[in-house]
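These notes are about the structure you will find just below.
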Amino acid sequence: MIVLKDILYKVTINAVVGHTGVEINAINFDSRNVGKDDVFVAVKGAQVDGHNYIDVALKNGAVVVICEVLPEVLIDGVTYVEVSNSSKALAIMASNYYDVPSENLKLVGVTGTNGKTTVASLLYQLFKKAGYKVGLLSTVKIMVDNKVYPATHTTPDSLTINKYLHEMNIEGVEFCFMEVSSHGIHQNRTEGLHFEGGIFTNLSHDHLDYHNTFAEYRDVKKLFFDGLSSNAFALVNSDDKNGLVMLQNTKAKKYTYALKGYADYKSQILENQFGGLLLKVNDSEVWTRLIGSFNAYNVLAIYATAELLGLEKVEILQLISDLESVSGRFQYLISDDKITAIVDYAHTPDALKNVLETINSIRTKNEELITVVGCGGDRDKTKRPKMGHIASALSTKVIFTSDNPRTEAPESIIEDIETGVEPQNFKKTLSILDRKQAIKTACQLAQPNDIILIAGKGHETYQEINGERTDFDDYQIVQEFLKELQK
C-alpha cells in the first residue's frame, strides 16, 4: 500500500482535514471507477465538475478527497485535502504514485497545430531502427516498445500518461516521444513530467471552439516551453513567426530549424515527387520516402532532435532514408489504371493548403485533382468557410461531404463550408452527404493519371454520428472502390 503523504509531494496544499498518513490503494478522477481505499480527485472539467460527485466517490469506497472547495459536510474517517488546482494536483500525484517514471527515460514532447503525430511517430520509428527500446504516446496509438495500445486522446489524462510511462520503465524503454496538445497543456495533463526536450512544429487556425482566440491558443502552447528545465532543449520551427515566441521565457537550451530563414538546422528541397523528397540537411543530402514541403520540415525536426539526443549525423541520415510514412499522413496508393489516391488527416485550413499545394507542385497539370473533404461537427465553426475556400481554389473538382458530424446536422456543416467558395469556383463543387458515396463518386469521376485527395480523417477507422461510432476507414474504402472500377 502507498501512504497519502508520499503522493502529495510537491502538491500545493491550502488545507488538510484528517490525516495524510492514511494508506491508499489507487487514484481516480472518475467517481464511477473509485474502489475501496481510493483517492478521489474532484476536477472541474469543461462539461463536468467532479465536486458534484464527491458523495458518489465516498459511497464507492474513497478514503481521501482532493478538492478545490471543501464540502459543507465532512465525514469522519475521510481525509480532505484542499488544493488551488485539482487537475494540477492530479498530475503531480499521478507522477508520484508511479514513482516519477518520466525521470527514468528521456521524454520528448512535440507540440504545434500540424505535424505532431508525424514527428513523434517517425522519431519512435527512427530510434527503434537505431536499436533502442522506445515509447510513443500519440493520437494514432500508444507504444510501449513493441506493445501496441489504442489511443483515445492526443494527450491522454495524467493518470494514463504516468501508467504507460511506468510500464515503459519496467520494459527498459530509454526514449519516449509524446504528442502534447493544447488541451493537454491547458488541463495540466503534462504537469509533473520531466521532459528532456520540446519540439514546436507550427501554429495555425485550430481549436478556437476551446481556446476562444488565436492568442490564447498560442499562449497555451507557449506554457509547455515555459515549463522546460535548464537541462532540456527547446527546438522550434523559426519559419513560423510563433516559433521564437515559444522561446521567449524558456530556461531550456534554444535551437531553431527552418527551410527559409537562418537557423541552427537548415534544409533545402532538391527534389519533390510522389516517390519522395531529396533534401539537403545542413551540408548533407538525404533521400526520404516522405512527400511534400511540410514533410521537409518534419524530417528536419526529426534530424535535429536525434542529434540533440546524441545520435551520430551519418547514422541519422541513414535511418531517415529508411523511414516509412505514418498511417493517414499523406498515405497513398496507385491503382492499376494509374489513379493516385491520397488519404491525409488534414483537418485544419493550413494543413489542407499544405497538402494541396504539395500535390499541385508535383502534378503535371494535365490531370484532375479531385478533393473529398468535410469538417467535424461540434467543433470550431470559423474554420469551415476557410476549408471550403482552400479546397475549391486549389483543386480541379471538390466533393464536400461529412467528416465526423457528431451531434450536428451534416447539411448545416456543408452549408458553412460552401460559404467560403468563391463564385468562379462554384462549378467545381459537389455536395454529397454520405462520405462513402462521396469517395465512390470521386473514384468514378477519376480518369487514368488523375489524383484523388481524401482529407480530414486520415488514420481514423470510424465515423462518429450522434454519439455512435461506426467502422469507417478512408484508405480501405478508396482502395476497394478503385479495385471494383478496374474489373
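Fair warning: this is a prediction, and the values are worked out from it, not measured in the lab.
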Are any of the side-chain nitrogens in K133 or E174 under 4.0 Å away from the carboxylate oxygens of its partner?
no
Is it true that D226 and K251 have a side-chain N and a carboxylate O under 4.0 angstrom from each other?
no
Under a 4.5 Å cut-off applied to non-hydrogen side-chain atoms, are [X] and [Y] in contact?
| X | Y | answer |
| --- | --- | --- |
| H347 | R379 | no |
| T111 | I185 | yes |
| N298 | L290 | no |
| Y97 | N162 | no |
| L235 | Y257 | yes |
| K428 | N425 | yes |
| F472 | T461 | no |
| L369 | R363 | yes |

Is the number of heavy atoms from other residues, nucleotides or ligands under 6.0 Å of [X] [atom1] greater than 12?
| X | atom1 | result |
| --- | --- | --- |
| F426 | CZ | yes |
| K365 | NZ | yes |
| K397 | NZ | yes |
| Y9 | OH | no |
| E468 | CD | no |

Have [X] and [Y] got a donor and an acceptor in their side chains that come within less than 3.5 Å?
| X | Y | value |
| --- | --- | --- |
| R329 | H459 | yes |
| D350 | T348 | no |
| N104 | N169 | yes |
| D157 | Q187 | no |
| D240 | N237 | no |
| K221 | S182 | no |
| D378 | T407 | yes |
| Q331 | S325 | no |
| T429 | E418 | no |
| T470 | Q463 | no |

ring-ring contact (aromatic ring centres under 6.0 Å, His included) against H166, all qualifying residues, sequence neighbours excluded:
Y98
Would you please name every residue forming a ring-ring contact (aromatic ring centres under 6.0 Å, His included) with Y475, sequence neighbours left out?
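Applying ring-ring contact (aromatic ring centres under 6.0 Å, His included) to Y475 gives none.
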Say whether, by atom type as modelled, one donor and one acceptor occur between the side chain of [X] and the main chain of [Y] under 3.5 angstrom.
| X | Y | answer |
| --- | --- | --- |
| S412 | A409 | yes |
| R406 | G377 | yes |
| Y345 | A351 | no |
| Y303 | S267 | no |
| S395 | S392 | no |
| T288 | S321 | no |
| S86 | A42 | yes |
| K457 | G328 | no |
| S121 | T117 | yes |
| K128 | D145 | no |

Worked verdict on V173 versus E167 for side chain to side chain contact (heavy atoms under 4.5 Å, CB included)
CA-CA 9 Å; V173 165; E167 191 177 329; over 6 Å; no
Does L356 form a side chain to side chain contact (heavy atoms under 4.5 Å, CB included) with I390? I'd like the steps, not just the answer.
CA-CA 9 Å; L356 286 168; I390 290 162; 4.1 Å; yes
Mind listing the closest non-hydrogen atom pair of [X] and [Y] along with its distance?
| X | Y | answer |
| --- | --- | --- |
| V43 | S87 | CG1-CB, 4.0 Å |
| K147 | Y149 | CD-OH, 3.7 Å |
| L159 | A94 | CD2-CB, 3.7 Å |
| D403 | G376 | CB-N, 3.8 Å |
| G198 | L228 | N-CD1, 4.0 Å |
| I161 | P156 | CD1-O, 3.3 Å |

Are Y132 and F175 close enough, and set up right, to give a ring-ring contact (aromatic ring centres under 6.0 Å, His included), and what steps lead you there?
CA-CA 8 Å; Y132 293 97; F175 297 93; 5.1 Å; yes
Would you mind telling me which of N202, T201, D239 makes a side-chain hydrogen bond (donor to acceptor under 3.5 Å, both in side chains) with Y297?
D239
Hey, mind stepping through N146 and E171 against side chain to side chain donor-acceptor pair (under 3.5 Å) and telling me if it holds?
CA-CA 10 Å; N146 296 317; E171 292 294 323; over 6 Å; no
Please assess E415 against R384 for the test salt bridge (Lys or Arg N to Asp or Glu O under 4.0 Å), listing each intermediate value before the final yes or no.
CA-CA 9 Å; E415 282 170 14; R384 293 174 187 173; over 6 Å; no
Tell me, please, whether Y217 has K222 positioned over its six-membered ring: NZ or CZ under 6.0 Å from the ring centre and within 45 degrees of its axis?
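Checked: cation-pi criterion not met.
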What's the verdict on side chain to side chain contact (heavy atoms under 4.5 Å, CB included) for V355 and L453, showing C-alpha distance, side-chain angles and the deciding distance?
CA-CA 9 Å; V355 171; L453 170 66; 3.7 Å; yes
In Å and rounded to the nearest 0.5 Å, what is the CG to CG distance from N272 to L277?
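If I round to the nearest 0.5 Å, the distance is 5.0 Å.
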Between V281 and I320, does the side chain to side chain contact (heavy atoms under 4.5 Å, CB included) criterion hold? Intermediate values first, please.
CA-CA 11 Å; V281 176; I320 284 172; over 6 Å; no
Apply salt bridge (Lys or Arg N to Asp or Glu O under 4.0 Å) to D474 and R435, showing your working.
CA-CA 9 Å; D474 282 352; R435 191 175 180 90; 2.8 Å; yes
How far apart are the C-alpha atoms of F200 and F224, what are their side-chain angles, what is the distance that settles it, and do they pass the ring-ring contact (aromatic ring centres under 6.0 Å, His included) test?
CA-CA 10 Å; F200 169 77; F224 171 64; over 10 Å; no
Using the salt bridge (Lys or Arg N to Asp or Glu O under 4.0 Å) rule, collect all pairs that involve residues 310-328, keeping only residues at least two apart or in two chains.
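Pairs touching residues 310-328 that pass the test: K129-D322, R289-D322.
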